[in-house]
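Have a look at the structure below, then the notes.
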Amino acid sequence: MPKQHYFDVLIIGTGSAGLMSALQLSDDLSIALIAKDKILEGSSYYAQGGISAVLDINDNFTTHIQDTLSTAKGLGDKTAIRFMVENAPKAIASLERSGVKFTKDKDNYHLTTEGGHSHRRVAHVADKTGQSIQINLLKSVKTKSNITLFENYIAIDLLIKSHSCYGAYILNKNTLKVESFISYKTIIATGGASKAYLYTSNPDTSTGDGIAMAYRAKCVITNMEFTQFHPTCLYHPHAKSFLITEALRGEGGKLILPNGKAFMHEFDNREELAPRDIVARAIDAQIKTHGLDCVYLDISFKDKDWIKQHFPTIYKKCQSLGIDITTDAIPVVPAAHYTCGGVQTNLDGQTNVDNLYAVGEVAHTGVHGANRMASNSLLECVVFAKSCANHINQQSITLTHKKFNQWDASRVAPSKEKVVVSHLWDEIRRIMWNFVGIVRSNKRLKYAQHRLNQIQAEVNDYYKIYLISSDLIELRNLVQAAQLIVQSAISRTESRGLHYNEDYPQQANQATDTIIKKS
Ligand code: FAD
Ligand code: SIN
């Protein structure tokens, strides 16, 4: 008999959004925390640059709000941004209470800067901020007896009845059995969908599972066309998904061509510190114009010890690949980095489906609009995890044990065609990279949509007849997330922020969100 679990709250995802939500929930609640991989695996762990907050007496909330709004290109929600910015210093304090030790300059935070910020306001732990946050949050979680961790459990679909969520079907990857998790409240904290692209800064977990599950559960999905491409990922055949933090440009790093010539001044007067959409498009243009494989990022003019102290992770990684960043420029290319759109929520993380919340990169709270400002994502995770948990803490928990059918595996067989899954997986990522990338066109988007529709039909057929597996779950979600991105991109007949369509190069006068809901 497949297992049934009963918890007050089910949290799917153990990144900074999931762990912080669990920590902020009342100790009286029983909580299941689910990770489809190792608990620490996810984008949060790899965050380098830091987390933004007004922490300097010469900075102020108004400027942080203004910078965020201006980067968001008319689609930022001012109320949500104000809420996030005003809660940022408290978010930093709560991370410190969990044990995170931000880099200090004597008694003050060492604040760095990144694209779009008009003031130094990025608190960081050298260049491994995410690792420190994750390790410390997990340590705190492990002290709580009301929280149960489930590692290597991948959610398949939400349990929905009468437009209300009661948990999820989850595959135990250790036993390959599907278990039902019945809960009064469910929080999706599954991160983004950047794995839909061939080249990405993200770990393998970012397959858009939460967005796809929420879409199937009839949640409102907003602004999926805004995939953020990070301008500087390491270009090296043996460096899978390694980011070169924007903070390196914040500290003076210059983007150069192979002949040593700088080029960012030709694109924006903020040069290397223009928002990411501008820098990524500029690099893309240089690569295409000059027929290059990559451009270079140079910090070697700084003092050697200073570089090693501020960027120890990048120094070591590059050194392991034969690049000495204290003497050589670093080969870099843009790669898919962040999903600005996602499951629509209010300030408490509530979706339009009862008892279902979404927090972190999976959510669309409105704080990023058409382009996310650097280091506002970890901040969003922490601030909205707290407000979501507070909202749940205020409810009286009355779990009505609805009857749900057990997962039925009686009509499916083991697959002898696993190559189909890996082939389709690869094809989706190539389609997205080649046709739905930094610069888009109507023709390329239509082609992508046509082929993705076919792939989705093939995946659905496969799903109906073969035993469920982790790869198949992710493939089904990846194609769904890719389709949502393409559908949203097609419906936006303008260029704005991260979405650039050469058939509509102008920004429209009116800024409108792209909203999709399954009928
Ligand atoms: P994640 O940290 O990605 O966690 C997702 C969790 O969901 C994982 O535990 C995963 O196992 C789980 N999961 C997913 N699907 C399922 C499923 N079906 N079933 C069960 N579990 C599932 N932002 C900043 O603000 N500052 C930075 O300096 C910064 N640097 C970055 C550097 C890199 C290399 C990357 C990739 C991102 C960076 N970002 C940064 C962005 C930021 O790290 C992420 O947006 C943020 O950490 C997302 O957190 P999250 O908790 O929403 O998701
Ligand atoms: C970086 O360190 O460049 C990533 C920061 C971010 O994505 O916010």
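Just so you know, ligand 1 is whichever comes first in the structure, and atom 1 is the first atom listed for that ligand. Values in this document were obtained by computation on a predicted structure and should not be read as measured data.
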Tell me the contacting part of E151 for ligand 1: side chain, backbone, both, or neither, using a 4.0 Å heavy-atom threshold, strictly below.
neither
Ligand 2 contacted by M373 (non-hydrogen, < 4.0 Å)
no
Under a 3.5 Å cutoff, is there a donor and acceptor pairing between the side chains of H368 and Y338?
yes
Taking atom 11 (O) of ligand 1 as the point of reference, which of M373, K36, Q228 owns the nearest heavy atom?
K36
Per-atom filter on ligand 2: closer than 4.0 angstrom to a heavy atom of E114 are 1 (C), 2 (O), 3 (O), 5 (C)
Under 3.5 Å: N/O of G49 near N/O of ligand 1:
yes
Atom indices of ligand 2, in the order listed, that fall short of 4.0 Å to a heavy atom of A374
8 (O)
State whether K254 and E271 are salt-bridged, where the test is any N-O pair (Lys NZ or Arg NE/NH1/NH2 against Asp/Glu carboxylate O) under 4.0 Å.
yes
Does Q456 have any side-chain contact (heavy atoms from CB on, under 4.5 Å) partners at least two apart in sequence or in another chain, and if so, which?
N460, V479, Q480, Q483
For atom 1 (P) of ligand 1, what is the nearest protein heavy atom, given as residue, atom name and distance?
S43 N, 3.6 Å
Is G192 in polar range of ligand 1, meaning some N or O pair under 3.5 Å apart?
no
Please determine if G50 has a nitrogen or oxygen closer than 3.5 Å to a nitrogen or oxygen of ligand 2.
no
Establish, yes or no, whether a centroid distance under 6.0 Å links the rings of Y109 and H124.
no
Do any nitrogen or oxygen atoms of E361 lie less than 3.5 angstrom from nitrogen or oxygen atoms of ligand 1?
yes
